[in-house]
Structure formats: C-alpha cells, structure tokens
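Each ligand, and each atom within it, is numbered from 1 in the order the structure gives. Remember, predicted model here, so these are calculated numbers, not experimental data.
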Amino acid sequence: MLYKSSRGAEGLMTSAYAIKMGLAEDGGLYIPAQIPKFTQEDIQEMVEMDYHTLTVKILKEFLTDYTYLELVSATDAAYSEKKFGAKPVKMQILSNSTGVYELWHGPTCAFKDMALQLMPQLLTRALEKTGEDKKVVILVATSGDTGKAALEGFKNVEGTEIIVFYPSEGVSPAQQLQMTTTEGNNVKVFGIKGNFDDAQRAVKKLFVDADFAKELADGGFILSSANSINWGRLVPQIVYYFSAYCDAIKNDVIQFGDKVDFAVPTGNFGDILAGYYAKEMGLPIHKLICASNSNDVLTEFINTGVYNKNREFVKTISPSMDILVSSNLERLLYHMLNLDGAKVTEYMNDLQSKGTYNIPGKIMEKIRNVFAGYKVTEQETLDRMQLTHAVKNYLVDPHTAVALEAANRYQNDNPTDKHFCIVLSTANPYKFSKDVLQAVDKDYVSQTVESDMQHLQEKTGMEIPAPLQGLAKKPLLHQDIIEVGEMKEKIKGFLMRNA
Ligand SMILES: *Cc1c(COP(=O)(O)O)cnc(C)c1O
C-alpha cells in the first residue's frame, strides 16, 4: 500500500515515510492510494478477536511496509494492560436504539490515547525503516486533549522531542494541569495567546517553511506532526469502529450484517473520517452523524455545501471541538472528488485566501449519502448531560453529550431509519468536572479542579479515574505563555538547550 498527497503534487510514498513526514511537501495530507476491502467473512472473524489482534489485522492492510512482528510489538506496547486496563474500549448500552462506546480508558482519559499511544510506536519504527539519522521534533497544536495525549505517548521516547502549543485561554483547568505537569526529558509545553486555529495555522506554516527546515536539519532535527493530519494518527482510529460493531453484536443489540449509525463529536474531522474509511473497507455503516458544537462550520458545510470559516470563534464547554478549520475534511474531499488533487488544491487555496469554498451539489449529494450534520448548542449540551444522568444514571462529558444529542435529533428527524446508533464517547467526564457539574448540580459553585472532581464523585458515585487523581498536587513544570509570533524562536531555544 502506497500513499499520495491530497494535493497531488507528490509521487507515491511508503507508509513509514508518510508517518515520518506527517504533512506532504506540497502542503497536502497523505492518503492511501487504494482503500483495502474486507469480506463479510473477514468481519465475522473479528467478532471473536481481542483488541490487539483486531488492531494488527487492520494495520497490516494499510502499513504494508511494516513487518507483522513490528505491528504486533507496536500494538502490544501501545495498548498494554498497565495503560488501558484489561479492555481498552467499552460499550454501554443506553437503550434498544443507542449505545455509547467509551474510548477514554487510556492514560489521559480522552479518546486521543487510542491513536497517540500507538502512533509513537509506529513513528520510531518508521525512523528505522527509512534510515533516518536525525531526531524527530513533534510539533503539536492542541485544543486540549491532543496535547496531553501526545505528551504521554512521546515522553522519553528515544529519538524524539515533543513541543506542544495550547491556547492559554481555551482549555479546561484539568486539561491545562495535565499538560503543564508533564514530566519527561524531551517534552516542552507552551500556552499561546490566541485560539486553537491560531496555533494550528502557525504550526502548519512551520511545516512548510523551507528555511526553518534547513536550519533544523543543520542542527540534526526534522519536524513531524502528531496532529490528526498524520496518517499514523488516523489509522489506529479505524480499528475501534470495527471493534464497536463487534461489541454491538456481542451485546445482542444488532445481528451480524445489520447496518449501524455512528454519531461522532467532531472537531478536526479525524475521528469521523476514520469511520468513513471503515465503511469503505466494508463495515456495515449506514450513516455517520457529524455532531458540532456552536462552532458549526462542518454542520453548515454538510447542509449547504459551503465551507466558511469567516465567523466568530466561540468558546464552548466542549473545547476540543472548538475548531473552524477541520483539517481532515481535505482527505474526504479528495476521495469524494475521485482523487483529483488539483481540484483539492483549488479549494484549499480558496480557503486560505478567502476563508471559504463551495462544493458542487453533485459532490455534496455523495457526501450527504454518508454524513448527516447536527449543531448542538451549549444549553442542549447541558440538558443532554443532565437527562442522561437523571434517566440512565450514566454520566457523559460535554463532547459526548453533543454527539448523544445529535444522535437523538437524527433519530427523531428520521423515524424510518431504524439502525442502532453507536455514539463515540471521547472523554471521561472528570476532565470537564466544572461543566458537568453545571448540568448535574445546578446550585454548585465551582471551586478548584480538585474540589470540583471530589464533588462530582459525591454527587454521582462515578469513580475519579486514576490519571486525574492528585493532579493539583503535581509541580507545574511548564508555565510559559507566549505570542504566536514567538513560536519559532521558542522551538529553537528548546531544541538547542544542550548546545
Ligand atoms: C479531539 C476531540 C474531539 C474531536 O475529534 P476530531 O478527530 O478532532 O474530530 C472530540 N472530543 C474530544 C474529547 C476530543 O478530545
């Protein structure tokens, strides 16, 4: 299996090369040249597989330049029992029409661990395979969860340095503490004055800055990305769609061969795009429901064909979805435009110059065949958290609540669609205790991160996950808040710290 850039200006590359580079040189994203297909028998066999075996089965379709043993060792290191408990993913059936698939049992309590524990393993093997002698510098722009998940995945990983930029006013207190207390000899964290899009744009610019690349190369470094633009981030996410389907069968809520819907809380369009690949590979998916918060640029796009980032950026209680430029949509467009890299380039140039592009109706029809988009307001998010707790005695975080609400609205709007809907649950509620408490205990006045968690535990009986316990007592190791314009100098300063 070889990879090409979504902007079409580069030749075919191996998966190891794509994972090492992150972003293609023409600014595009790496895309598999064909999408592998599973037969129904293949999928039937998956029902009895454990998560590790299933992961290797799917990875080996895409990462054909890795040996079987490399994939097994990478997977075992990523999803160890120590990091994820006995089973990395868990299904909670809420009703005969809806289940919630918990993807947050990893070391940072967000679904990003599913990808970011595996990706460093794939990357270090990619360095060996491509004969790379330079150190890889992972630059991360984060809306909150990616940062900590990437730090945990990469800390103390030989041959790598990791630098994370988060919007200083745009993440939850627990998220900020998680990042600023990270230990490790190769990690650095900066708050930036700006929002996530500012951070992401600046990081993307550094990736295509030839002078900067040259300067780093002279110092013995190359840049790579752990954001979901990296194929190594995306491919592990395909696995849990298959696993969710198998778990729905095991829970007797569907039978083998039945189609299901997935509802996905969406920001950068990485999680839901993995669902598109799963569907193309043969998983019986009927609809992918794209759930947006008040930053509803994707929902508007799905409904109108106009992608327009010229709008107010809204800070919400689901901050990991506060995004106006959803990078992975570029990959979907490439597939929907029948791999026409020149066309994708035109749209991306429009996005850059005018902040908007317009996709023709015929292509949008193809997109709407697979995707439905719903916008969920702050109040609806709170109400959904409250209701789910009151009626189902089940606590969800605000991101998951956005998807649950979207699933519910979709089902009401489409009474003839009787497919079971699997809602992807992307974070443990304790990561957002203050906002969850707004929903389940209106009279509570938020105090410190720690007392909020304590109160939530008393109120709901749900246990505080181990990685979040004692967070407030850890020393703050990364307190710098910088301007976007200072990023380049700060990166150089960190990398040259031992020079
Ligand atoms: C990152 C994140 C999302 C959005 O996922 P994308 O792949 O960016 O669409 C949703 N919920 C949580 C908790 C996240 O951390």
Side-chain donor-acceptor contacts of residues 269-282 below 3.5 Å, not counting sequence neighbours, with atom names and distances?
unit_1: D271; atom_1: OD1; unit_2: Y240; atom_2: OH; d: 2.5
unit_1: Y277; atom_1: OH; unit_2: H335; atom_2: NE2; d: 2.8
unit_1: K279; atom_1: NZ; unit_2: I285; atom_2: O; d: 2.9

(message) Can you tell me how far apart OG1 (T448) and CE (M453) are? Round to the nearest 0.5 Å.
(response) 9.0 Å
(request) Can you run down the salt bridge (charged side-chain N to carboxylate O under 4.0 Å, His left out) pairs that involve residues 298-309, sequence neighbours left out, and say none if there aren't any? (result)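 Counting only pairs at least two positions apart or across chains, the salt bridge (charged side-chain N to carboxylate O under 4.0 Å, His left out) contacts touching residues 298-309 are E300-R311.
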(message) Show me the pairs that pass salt bridge (charged side-chain N to carboxylate O under 4.0 Å, His left out) and involve residues 386-407, at least two apart or across chains.
(response) R384-E405, E405-R409
(request) Could you please provide the protein residues found below 4.0 Å of ligand 1 on a heavy-atom basis, arranged by chain and number? (result) F111, K112, D145, P265, T266, G267, N268, F269, G270, D271, S320, M321, H399, T426, A427
(request) May I ask you to check whether D322 and T316 show a side-chain donor-acceptor distance below 3.5 Å? (result)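 Yes, T316 and D322 have a side-chain donor paired with an acceptor closer than 3.5 Å.
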(request) For the residue pair N186 and T160, confirm or rule out a side-chain donor-acceptor distance under 3.5 Å. (result)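 There is such a pair between these side chains.
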